[in-house]
Structure formats: C-alpha cells, structure tokens
Amino acid sequence: MALRDLLNNGGTSVNAHRVFTNRFSEAEAYRNAISLIRFSSKQPTLFTTLIGARTNVLSYYGHGGIGKSALSKHLEGIDLEVDSEISPQALPPMLSLRYDLSTSSARDAESILLALRAKLAAANVRAPAFDLAFAYYWAQTHPGQHLTEYLSRSTVSGRASEMTDLGSIMQDALNDIVGQVADVSTFGVAGAAFRLTKGIAATVSRRLDNSKILRNCKYLSEALNEVNMVDLRMFLPHFLAWDLHQAQMNHEGHAPARTFVVFFDSWEDVQADSGYRGCLEDVLSQLVFLMPNVLFVITGRERLRWAEKESAAYLTRSGPNFWPGLALSESGEKDQHLLGTLSHKDSLEFLHVATAARPIEPDLLDALVAQSGGHPDYLDAIIDLWQGALTDGSPLTIQSVSGGLPQVYQRVFRGLPPLERDLLLAASLVPVFSEEILSAMVPQATPLQITGFLHRHFIESTMSDWLEFRLRSSVAELVTASRNSSIWFWSSHQVRSALSNAVNQLLASCLTLPSVATLTSNIKLDQAIKFVISLERTGAELPPRTVDLIFAANVAGSAGRLFETEFGGESSYFSNVLRSVIALESSGVPSIGHPSDHEPRWLVDTHQVSIARHMLLEGNLSGCSEVLSTITDSTPTIAHRRSKLEILLASRSGELIRGRKLAENWTVQDERSDLLGHIALWQGDFVKARNYFQSAADFARSAARDLEYARGLRHQARVEAIMDHPDVESTLSQAQKVNLAVDSSIGLAQIEGTRGIVAARGGDTEASSFLLHMACRHFEESKANVDIASLCVSAVLSARLVSRTDLFDEWHQILDRVCLNEADSRLYRRTIAFVNGSIGQARQGLARDYDDPVNSARAWFEAATPRRKVILPVSS
C-alpha cells in the first residue's frame, strides 16, 4: 500500500459526543484530555490502525485580547499529579512543546517536525524510525544541504531542544541503524552523514528484520521506498509517534508513561492560508491525526472546521468520522471551547445548525445574532425559545429576545412544561447531579422526560463518569433569584424533601463500590464529599447515613488533600467533623468548637468518636475512655467505631488478653487481623503477629480499603524488622508507596522508625539514631504520643542491638514526657523491661494480661540480642 493510500484511508462512523460549547472549564477539559491520552497510549493497535476517530486535539478560540495565549500557558503549567493511583512522585514529568505560528518563518512542516523531534531528544527519547525516514526525505528534497548545518542555524529546533545538539544525536543514531541493519560501513564517513541515497534506503528497507528495534515498525519499509516526497513528508509524523510509543510502552515502573503535549498558538495565521489540499492546515491536521499519543492544544480566533463537510475541499482527513469532538451539532462540540463570545459568523453557523429542523428566516436569524452579541447563553436561550415556539405554534420574533439575558431566560422558564420546571428547580438546588439523583428529587418524572430535559441547552457536562451533569452557573443563579416567583410552586418542605432524597440516592450509589481498589472508586467518594459539603452549606438536613460516607472516605484513604486544595477555608461544624475524621493520620486536624443545639445527634457522636480517636492517639487513655462513655447514638457505623476504640483502648492499656477476646469476635476481616496482630506483637509472638498483619494487608488491598492496606503493610514491616525477617526491605518499600499515596504522615513516621531498627541490625548506629529521632519529631508534629511510646520500645531495642546502653536513659525520658500517667505508659514500660532482660518483672502478677509473661519477656529480650538472625516462636 502506498503512503498516499495510508494518508487517505477512510474510517468508520462515530457518534458525536453530547457536550455543548463552553460547557465545562478549560482546565477540566484539559485534564480529561490528558487522562484520555494516557489511557489510549497503552493500546497496541494505536498506530497500525490509520482509520477511525481521533480525540487528541483541544481547541480554545475567541476574539483577540481575551487571554488565549495566557490560558494556554496556564494549562501547560497545570498540576496533573492527581491522576496518580500510587503516588504523586510516581508520575513522570510532562513533556511539552509550545509553538507560535504567528511568524511566517515558523510555518513550514519541516521546522515543526524538527521542533517535535528536538523536544523528544531533549527528554532523551530515541527516535530511530523517524530519524531514518526523515534522513531519506531530507536527502531527496535538499540535495547538497547538510542537515547538521541546517539544524545548527535553526532557531526553532534550537529552542525546542533546549540547546541539545540535535544534529549530532540524529547523525549518531543513523550511523548505528544503517551500520547495523544494512552493514553499510561507509555511511558515517565525514561528509556523507544524512545522505541516505535511494540505494542505501532500499537496502535498509529490505533488511529491517535485522533490527530488533525497527522490525515491528509496520510502514517504515514503504516509506524508505516512497517516490513522492510530499506524501512522505505528510506521513513522517507517524514515525515520530511510533518512536514515542516505544518509549511509553517500555518505561520503568507502574506509573503512567510520559505524556507529550504540543501547544500551537496563533492558529488563525494557519487558517488564513487554508483553502487547498496540501496547505499548512492540511499538513498539521494530518500531523495531529498521525500522532494519536500526543495531545495538541490549539488556540486561535475561530473554531476548527475539520469536522465540517466543506473542509473536505482542503483537508485530507475531514468530517465527524475523523474528528467527532470538533463536530458542531444540536448537542454542540466536545473538544472546542469558546473563550468570551462567538464571532458573528460562528453565531450564525451555530444557530443555523441547531435550528435545522425548521430553519429561522435569514433576516430574523441575522437580527437575533446581532441582539445576542455572540453571547453563548443568549444563543442558547434563543434556541430554547425557538423550541418552545415549535411546540405552541407562536412565532419567534426579535422582541422575544429583547430586554437582556435575565428577562429572556424568564421567558424560557415560562415556556417550559410544568414538569421540566420542577426538574430545572431541582437541578438548581444541587451542585452536580446524575439521572438517578434527578429522578429521586422529582420522582413523578419518567426516564424519557428526564432524558429530554438533560438535552436542554442550559445543562452542561461535568466530564465525570458518575455525577455527569450540572446546571450552567448563570442559569442556576437566575433560577435561585426567582425561586419565589409565581412560576415556581415548591414549598420549603418540598425543597427539604428533594434535597434529602438527593443525598440518600448519592449515598446509595457511592457506598456500593467494587471489591477491587480503583482510582475511580476513590474519586467517587471525593465527589460525594464535595456534594454533601455543598448541600450542608445551604442548610440542607443530612441523613444519619452520611456518617457511612465520612468513614468510607477515611478507610479508602481518599479525600486527604481535598480540604487543602478546595475547602481550606471551610469552618462549619459539619465540615470540621468530617475533616477531623479524614485527616486522622495527617497533621492537619482542625480544632472543633462545641456543637450548636440544632446539630443532629449522629453528627455530634461522630465528633465524639473523632475526639476519642485523637485522645487515644495522644496517649490519653483515661480521657479516651471517658469520651467513649458519652457516645449514645445507635447508628451502626458509630456503634462499630465505638466498639473498635474499646478494643484499641484495652490493648494500649496492656490488657492484652481482654483485648484479644474482644477482637476475636470482630466482623471486619482486615481490622480483626490488624487488632490481633498488635496483641500478638506485644505478647512477643512475632511469627503470629506477622501473619496477622500480612492477612490484614492482603484483605484490605482486595477490598479497596487503602488506609487499612497502608496500616497492615507498615505494621508488617515493623514486626519483620523486630524478628529480622528477610522480606523486611521489600515490605518497607511497598509500605512507603502506599502510605505516601494515602497521605499518612503517621504511617510514614512509623516506617522511619522501622528503618531505624533495620539500620541498627546492620550495625549503623548513626543512621539508626537519626531515623528514630526523625520519626519521633514527626510523631510530635501529629501529636501521636502513643506512637512515640511505641517508638521508645523500638529505640531501646535498637540501642541494645548496637550495644549503646547510654541511649536507654534518653528514650526513658522521652517516654516519661509523652505519657500522662503510669496507666498510659504501662504496656510500653513493661516491654522495655522485657527488652532489657528484666524477666523478673514478668513474674509480678501479669498473668491476667499475658498468656505466658515469661515467654513474652524472653521473646523480646532475644529479639534485641545482637547478631541474632532469626527469631523463632518460644515454646511453652
């Protein structure tokens, strides 16, 4: 197949997306486009299939002076770390190229291709397929001109490569490729570089199977035998994309591959020269199509017309089959975003397409556009009035759209059927919604009626897979302002009932999550939290089951950064209680005042549970016990949390046998294993403790309970360090990743303390002391006194391992400082005594708390004995 056939290949039909112009934020569109690129880059047939649709282009357009370039630069610097499933640090840095098309010297295909290649070279991305095909193209089209000399003078490629010597990089790559594949040893002789003659190119094309790297580059052989250099130039982007794909598929680790984004500014200068096949817009649209693993962000004064029939006159690939996101229809366009107002031309075209079922008379259409001033909301209102006119038979006139946008929308509202007015009012009450939530708020509406309402022009997409819709903000404000007018018929009781139904539907949906941990499930919980906070701000009454959402987000490890990024200034009682639960393991726990008299009992007792948890964390065991006695709400989640705190309180108090009896009946498997693991640890049964923690981590991971997974891993690592288990380093590495992902400052400090034990076992006294003191400081920042007390045990054990008895007094003093009284420190003082060999203390009435106090003491003493490699269970 010749390259011409590949360039003109057709595609299958693709339905247009239902997202209207300017329906979601520019940054939101960009983030979603990046996510789509990252997903599609993993597809094995992405480059061998040259048919079908492309979704790797975003267009932002509007009149001059409205900040298109500023927006483009803002998008280039936007933080995309939220997409990481493991850790923000796991994402490789974005790779981006900004290319200004406003100067004529930059508007040629070769300069643009070389700028792309230079950017990859600067990022150490190899491009052997492109280098080979381009060398052949260059030798045929620029006889006598050395590419290395051209590149040394090229300001465009020089800027893109950040002063990388692109000429030398490409020349060295070609020498290696040709020498290896075709055994043409003279290719690299001075003066012959980049002179890839037809004969050498043909030889290379026949022997590509000799190259491990290039043998699977499907169309490279055809390119090296191509006689039409215009077609070859048009097809060169395919090889650059293929090379990038190899780098993306072969990257190390489990993080997403590096993403490449190209920002084209001043696109209007390209459009000005369009109108014929082979024009720069034709070349660049082919470039975008042939590089599906690169996102192209285009800013200009007018929208891209690649999806329109008329563009077939000057574009090789045109129409909605190739560019579904650029297609203008009644439902709008997915990948084009208006900044400011539409031009008169685009306004006419928009109204013409949207009213094609019964066209508006041309003079009236022109007058309506003039009245709108190109304002998108105004144009939408015109369409709504036009639809109403079709229904009731009344004519659409210029007077219909007079008086300003609020007055026009009031006419739109009055023209809606009563049921759609109810749906509109319901939509204005919530920040976002789904079909299910809207149905719960207006139960008398049929699914067909809701579907029809969602196609109204004032409904916009959120680009979410769950809460997919929202009312356009300007329309929501108008509805809210006119809620007491005669066109609305909802009482305050109806509003409260609708909001209650909305929250209950939201909770029913988001709390039924899949059994496997996914990024989507955590995002769903984040969205639900935002939803309930937004409604609570308006005074909506939240049902008791909201507490399930609060603790689900806590257990899943999600929402940890929400308050820092979006709710930093939020200070209501509800949001502070929510934050105190979510942020238990971080240092950003707020202080909460007393609740008002109208706060529901379930929320007050959720606050009490949070207080008790923090008191336990601070080592105030008696205070924790006192708070637990005040919790009376019977909501199952609150009762569950209270019971778990009682088990933790028993074990932290040293009542290990009582704690085990309570924990053995616990119904949540990962929590049960974790509780029993701690009791076995303090009993000195390290093998059993490790098995319990490993079981807790395995179950939590399979059940999408990320916080419990993080806890299980770090506790497993600690007991492995104590027993000198060979897996401790790998467990620590995984624990570090997961605890970082859930933003657990306490977990990370625990891991530091465990590394202190490992360093002591290796004889590195200095490293051990440093790590233990760093962990202590981080625990102090989180007010985690109970963890400091536990750390004192690890520190004394480490001191014995390195034979530094002078450190004992230091850590005893730290223990004295953080424990309020003897009862709070009893467990830790006993264990330190065991570590130091005080077997006699184990005989002093401890049988009520230990199964066998003497064996527990012996196990801890032996664990701290230097040079002991494996700790086996002590037989009775």
Side-chain angles (χ1 to χ4, degrees), residues 1-9 46-48 50 54 56 97 99 106-121 125-143 145 147 150-151 154 156-157 160-161 166-167 169-171 173-174 177-178 194-196 198 200-202 204-205 208 213-214 216-247 260 262 264 270 277-294 296 315-317:
M1 183 185 293
L3 292 186
R4 175 64 58 87
D5 297 324
L6 294 173
L7 289 167
N8 291 300
N9 228 332
L46 189 64
F47 304 96
T48 56
L50 297 177
R54 290 294 191 257
N56 60 322
L97 170 67
Y99 200 95
R107 290 199 300 274
D108 70 272
E110 291 171 358
S111 294
I112 294 170
L113 280 170
L114 288 171
L116 291 170
R117 174 65 184 95
K119 178 56 70 171
L120 293 181
V125 176
R126 299 177 61 195
F130 174 82
D131 291 348
L132 194 59
F134 190 87
Y136 174 56
Y137 162 80
W138 186 269
Q140 305 308 309
T141 56
H142 297 77
Q145 183 178 13
L147 182 56
Y150 171 80
L151 288 173
S154 173
V156 172
S157 62
S161 63
L166 180 60
I169 290 173
M170 293 181 71
Q171 178 173 318
L174 281 167
I177 294 167
V178 176
F194 293 98
R195 295 184 181 281
L196 193 59
K198 288 185 178 180
I200 296 177
V204 172
S205 72
L208 285 175
I213 299 174
L214 295 174
N216 295 321
C217 189
K218 186 174 180 181
Y219 304 119
L220 185 56
S221 178
E222 295 175 44
L224 296 176
N225 288 283
E226 181 61 48
V227 295
N228 187 322
M229 292 300 105
V230 174
D231 288 347
L232 177 55
R233 185 194 65 187
M234 293 278 276
F235 198 72
L236 284 172
H238 166 80
F239 299 116
L240 200 58
W242 187 89
D243 288 319
L244 176 61
H245 185 56
Q246 306 317 299
F260 192 8
V262 176
F264 280 138
V270 174
R277 286 289 180 95
C279 65
L280 184 59
E281 186 162 17
D282 188 19
V283 172
L284 292 182
S285 66
Q286 280 276 30
L287 182 144
V288 173
F289 186 89
L290 293 171
M291 302 190 74
N293 56 339
V294 176
F296 291 85
L315 295 182
T316 306
R317 296 182 191 269

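Only heavy atoms go into these numbers, but all of them, side chains included; no hydrogens, no water, no symmetry mates. Everything numeric in this text was worked out from a predicted model, so none of it was measured.
The minimum heavy-atom distance linking N56 with V294 is given by the pair ND2-O, 3.1 Å. Residue S285 comes nearest to L315 through the heavy atom pair OG-CD2, 3.7 Å, listed as atom of the first residue, atom of the second, then distance. Summarising the geometry of E226 relative to N228, their closest heavy-atom pair is OE2-N, 3.0 Å, with the distance given to 0.1 Å. Shown here for A133 and L232, the closest heavy-atom pair between the two residues is O-CD2, 4.2 Å. Closest approach of L280 to A109, counting heavy atoms only: CD1-N, 4.4 Å. The nearest pair of heavy atoms linking S111 to Y99 is CB-OH, 3.5 Å.
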Item to check | Residue pair F134, L114: steps toward the side chain to side chain contact (heavy atoms under 4.5 Å, CB included) verdict | outcome: CA-CA 9 Å; F134 190 87; L114 288 171; 3.8 Å; yes
Item to check | Verdict with supporting geometry, I213 and R126, side chain to side chain contact (heavy atoms under 4.5 Å, CB included) | outcome: CA-CA 11 Å; I213 299 174; R126 299 177 61 195; 3.4 Å; yes
Checklist entry - Do L290 and M234 pass the side chain to side chain contact (heavy atoms under 4.5 Å, CB included) test, and can you show the C-alpha distance, the side-chain angles, and the key distance before you say yes or no? => result CA-CA 9 Å; L290 293 171; M234 293 278 276; 5.9 Å; no
Checklist entry - What's the verdict on side chain to side chain contact (heavy atoms under 4.5 Å, CB included) for V270 and F264, showing C-alpha distance, side-chain angles and the deciding distance? => result CA-CA 10 Å; V270 174; F264 280 138; over 6 Å; no
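For S205, the side-chain hydrogen bond (donor to acceptor under 3.5 Å, both in side chains) partners two or more places apart in sequence, or in a different chain, are N225. By the ring pair (Phe, Tyr, Trp, His ring centres under 6.0 Å) test, F260 pairs with no residue at all, sequence neighbours left out. Applying the side-chain hydrogen bond (donor to acceptor under 3.5 Å, both in side chains) rule to D282 yields the partners T316; only residues at least two apart in sequence or on another chain are considered. Listed by chain and number, the residues in a side-chain contact (heavy atoms from CB on, under 4.5 Å) with A201 are Y136, L196, L224 (sequence neighbours excluded).
With respect to R117 and D243, no salt bridge is recorded, no charged nitrogen being found less than 4.0 Å from a carboxylate O.
To the nearest 0.5 Å, atoms CG (L236) and CD (E110) are separated by 9.0 Å. Going from atom NE2 of H238 over to atom CZ of F235 covers 4.5 Å, rounded to the nearest 0.5 Å. Rounding to the nearest 0.5 Å places CG of L113 at 11.0 Å from CH2 of W138. Note that CH2 of W242 is 14.0 Å distant from CZ of F130, once rounded to the nearest 0.5 Å.
Relative orientation of the Y137 and H142 rings is perpendicular, given thresholds of 30° and 60° on the angle between their planes.
Between C217 and L208 there is no side-chain heavy-atom pair separated by less than 4.5 Å. Side-chain contact check for L116 versus M291: some heavy-atom pair is nearer than 4.5 Å. Residues L287 and L240 form no side-chain contact, since every pair of their non-hydrogen atoms from C-beta on lies 4.5 Å or further apart.
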